[in-house]
Structures are given as C-alpha cells and as structure tokens.
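Written out below as structure tokens is the structure these notes cover.
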Amino acid sequence: MERVHVGGVEVSRIGLGTWAIGGSEWGAVPEQDAVRTILAAVEQGINLIDTAPIYGRGRAEELLGRAICEHGRREAFYIATKCGLNWESGRVVSDLRPERLRKELDDSLRRLGVEEIDLYQVHWPDTVTPIAETAGVLAGFVQSGKVKALGVSNFSVAQMREFEAIAPLASNQPPFNLFERDIEAGEEPVLPWCAANDVAVLTYSSLCRSLLGGRLKPGMKFEAGDVRRVDPKFQEPRFSQYLTAVERIGVLARERYGKNVLEFAARWVLDREGVSVALWGARRPEQLGAVEGVMGWRIDADTMDTVDRIVAESVTDPVGPEYLKPGVREL
Ligand code: NAP
C-alpha cells in the first residue's frame, strides 16, 4: 500500500469510504457485511476510513466504532469524519452553527467509541455561517484534544483561504475522477492550490459512484432508495455515453497495462499531481480485492491524453455531481 502524510500522520493512499455502509442511499447493508468490509480494508493496509454522521444518520459511524472495537487496536485506524450536515427537518441542509458543531462532535465520539478524531472535516460550506467562525470553533476542538487535525470538503480556494486564516487546514475533500474534474479547472483551481499550500486532497467519488467499477450495463435498474436513481449520469441518454467511455477506457487499460477499468480509474486519480488519497466506496469485503492491482505502477502521459480524448469523444453531454449539494438552512 502506498502511503502519504495527512495532518502529520502517515495514511494509506486508498481510503475506505463508508457512505454506502451507512445503508441509507445505496440500499441496506447488513451489519456483518459492513463490519467485515472495514476490517478487510485494514487487513489490506488501508488505515484511512472516511465517514460522516449523515451516512445512515449515524449508522456508518456506529459500524466503524464496532469494527474498531472488534479489531481491538484503535491506532490501526485513521478516522476521518465530518460535521455540518443537518437532517433533522427531513431535508439535508448545511448547518455549521457553533452549538450544532459542539453537539455533533460529542455524538460522533460516542458513536465511534473513541476519545479523539484524527481528521475532522467540514462536510460542505454553510453559506449562512461565516467560515472564520466555523474555523474558530473547530480550532477549539483541536485545543481540547478531541480532534487531531482539521479538514474541509467541497471548499473552493477562496473558502479554504478564509478557513486557513483562522486555523491550520490539513485537507480538502472534493469530488474527483476521470469524468469529474472541476478541481483542475477554473480561474483558481483547487488541486494545484492544495499542492502548493500543503493541503492534502482526499478525493471522493473516485470510482464515479460505481460508473468506473466495470460491472454496470446499459438498461441496468437500481433499487428504490439507491442514489443512482437520481444521479443524472445514470439516466439515459447520458448513461450510455458514460458506459461507452468506460468500455473504451477498459480496452485501453487492458492493452497498455493489463489492468481492468476499475484498477485503471483508481490509478488515474492517484497519478494526478496533488492528489494524496483516493477514497474507495465499498460495502462488501470482496469489493476491496481490486485495491492490490492499483498499487505499484503509473499511467504515462500519452495514456492520460488518450483518456481525455476518449472521454471528450464519448461523453457529448457531460454533467457534474452538483446534485449532491445540500440545501441552505432557513434563518
Ligand atoms: P465511489 O467510491 O466513486 O464508488 C463506490 C461504488 O463503486 C461502490 O458502492 C460500488 O458500487 C462500486 N465498487 C466498489 N468496488 C467495486 C469493485 N471491486 N467492483 C465493481 N464496483 C465496485 O463512490 P462514493 O461513495 O461516491 O465515494 C467514496 C466515498 O467518498 C464515500 O463512501 C464517502 O466516504 C465519500 N464521499 C464524500 C462526499 C462529500 O461530500 N465529502 C460525497 C460523496 C462521497 P456497487 O456496490 O453498487 O457495486
């Protein structure tokens, strides 16, 4: 397993994502499968486990806590959890009010069964609460010893600057995969800024929410409650365009590296300049079997260019992950 430093601690370059394990947006996941998946990750050298209170409304954090307990060694886990999404009104909204943050931290520590969180990330910016105020509250959590390092997620460069003016920022967690590349673009791209400012980048949806897993077929239906029912990439005619790209990239990966599309897609993320960790969502232990094939090789520049060409030719109507953005809380 390749390793990198986040917040001064050595972590695996593949991190386990526990959104699906929460069981609320990807269909139910039996507790035993969830715990076994987390333990299988650790067995494979993955120590960074990304979670959040919103995943299963506390369930993912609880299951991670159970896995830590079953494993027995707290130090085998680098716990990256989050704060700032409120679901109490039935609708998910950003909520970074100081009193809410204090309650969330204590709830997360209790569910996880630990005394300290390694990386505490602001899940989404809250356009109502000033970022400086949030950073000040979180800095207090570090001083109190309940949090080791601070991170953000879905933050722009301007938002990270505001945060950093008040508290040290260890990481940002944006969406990034070979179809979703906003962090490389724009007037002030997030990825090079993070690299230049020693802010680790933990990419989410590295497998494009399963599109790059290689097992999806045209016409495939997702169960009720599965987030892919509303994800615009999984709706025709776009779905077929993305699947064509996946198929062509799969051929390229096989011909040039003897890899499957999943191994190639994860490697592609790790090989982009400035990426520290690629999060990998899984809900069954065997889904992590492919991690080994991602390690120990690199994608060359010509192949990177070929991927760009394949995506541009195949996906004529691209769409981003903006639908994931939470609502704004009412004042
Ligand atoms: P992802 O990692 O892009 O894709 C995960 C899906 O890929 C799995 O649920 C699985 O789908 C499929 N997959 C995994 N291993 C596979 C294998 N060996 N073969 C074939 N398919 C495989 O999805 P993600 O959940 O969006 O992102 C990963 C993590 O990032 C999340 O769990 C969460 O921790 C984090 N995240 C953060 C944010 C944020 O706002 N900060 C937002 C989204 C996600 P099937 O089980 O259906 O096959």
Side-chain angles (χ1 to χ4, degrees), residues 14-29 33-34 37-38 40-41 44 46 48-56 59-61 63-64 78-85 92 94 119-125 151-155 171-180 182-183 190 201-217 220-223 225-229 231 233-234 242 246 250 259-266 268-269 277-294 320-326:
I14 297 286
L16 175 68
T18 64
W19 181 18
I21 276 174
S24 51
E25 277 93 15
W26 294 72
V29 178
D33 284 3
T37 304
I38 297 166
Q44 278 192 252
I46 295 174
L48 191 151
I49 316 288
D50 181 73
T51 189
I54 192 76
Y55 302 157
R59 186 170 162 78
E61 284 190 332
L63 292 170
L64 174 54
Y78 183 87
I79 304 174
T81 193
K82 312 191 189 79
C83 58
L85 288 185
V92 178
S94 298
L119 183 67
Y120 203 45
Q121 309 158 98
V122 179
H123 207 145
W124 279 86
V152 293
S153 179
N154 302 296
F155 269 46
S171 66
N172 186 15
Q173 186 181 133
F176 189 57
N177 58 66
L178 55 81
F179 293 133
E180 295 174 339
D182 274 7
I183 59 169
V190 164
V201 172
L202 280 56
T203 65
Y204 75 74
S205 294
S206 314
L207 308 176
C208 203
R209 299 174 294 288
S210 78
L211 245 185
L212 289 159
R215 73 167 192 90
L216 304 189
K217 299 274 174 289
M220 200 164 167
K221 297 272 176 277
F222 299 100
E223 282 176 24
D226 192 309
V227 69
R228 290 165 290 189
R229 278 201 173 196
D231 190 322
K233 277 200 178 61
F234 294 75
Y242 280 104
V246 171
K259 297 289 179 185
N260 63 38
V261 70
L262 170 71
E263 293 165 329
F264 183 89
W268 183 95
V269 172
V277 173
L279 298 177
W280 182 309
R283 48 182 164 168
R284 291 186 306 279
E286 58 273 20
Q287 288 179 310
L288 296 170
V291 168
E292 208 185 333
V294 179
E322 295 79 17
Y323 80 102
L324 288 171
K325 196 173 176 176

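We count ligands from 1, going down the list as the structure has it; atoms in each ligand are counted the same way.
A salt bridge links R228 with D226: the closest approach of a Lys/Arg side-chain nitrogen to an acidic carboxylate oxygen falls below 4.0 angstrom. Between R209 and E180, at least one side-chain nitrogen of the basic residue sits less than 4.0 Å from a carboxylate oxygen of the acidic one, meeting the salt-bridge criterion.
For Y55 and W26, the gap between ring centers reaches or exceeds 6.0 Å.
Listed by chain and residue number, I21, V29, L63 satisfy the side-chain contact (heavy atoms from CB on, under 4.5 Å) test with A34 (two or more places apart in sequence, or in another chain).
When the options I38, D50, T81 are evaluated for a side-chain contact (heavy atoms from CB on, under 4.5 Å) with L64, the one that passes is I38.
Counted within 6.0 Å of CD on E286, heavy atoms from surrounding residues, nucleotides or ligands total more than 12; the atom is thus considered enclosed.
Using a heavy-atom distance under 4.0 Å as the criterion, the protein contacts of ligand 1 are G17, T18, W19, W26, D50, Y55, K82, H123, W124, S153, N154, Q173, Y204, S205, S206, L207, C208, R209, S210, G213, R215, R228, L262, L279, W280, G281, R283, Q287.
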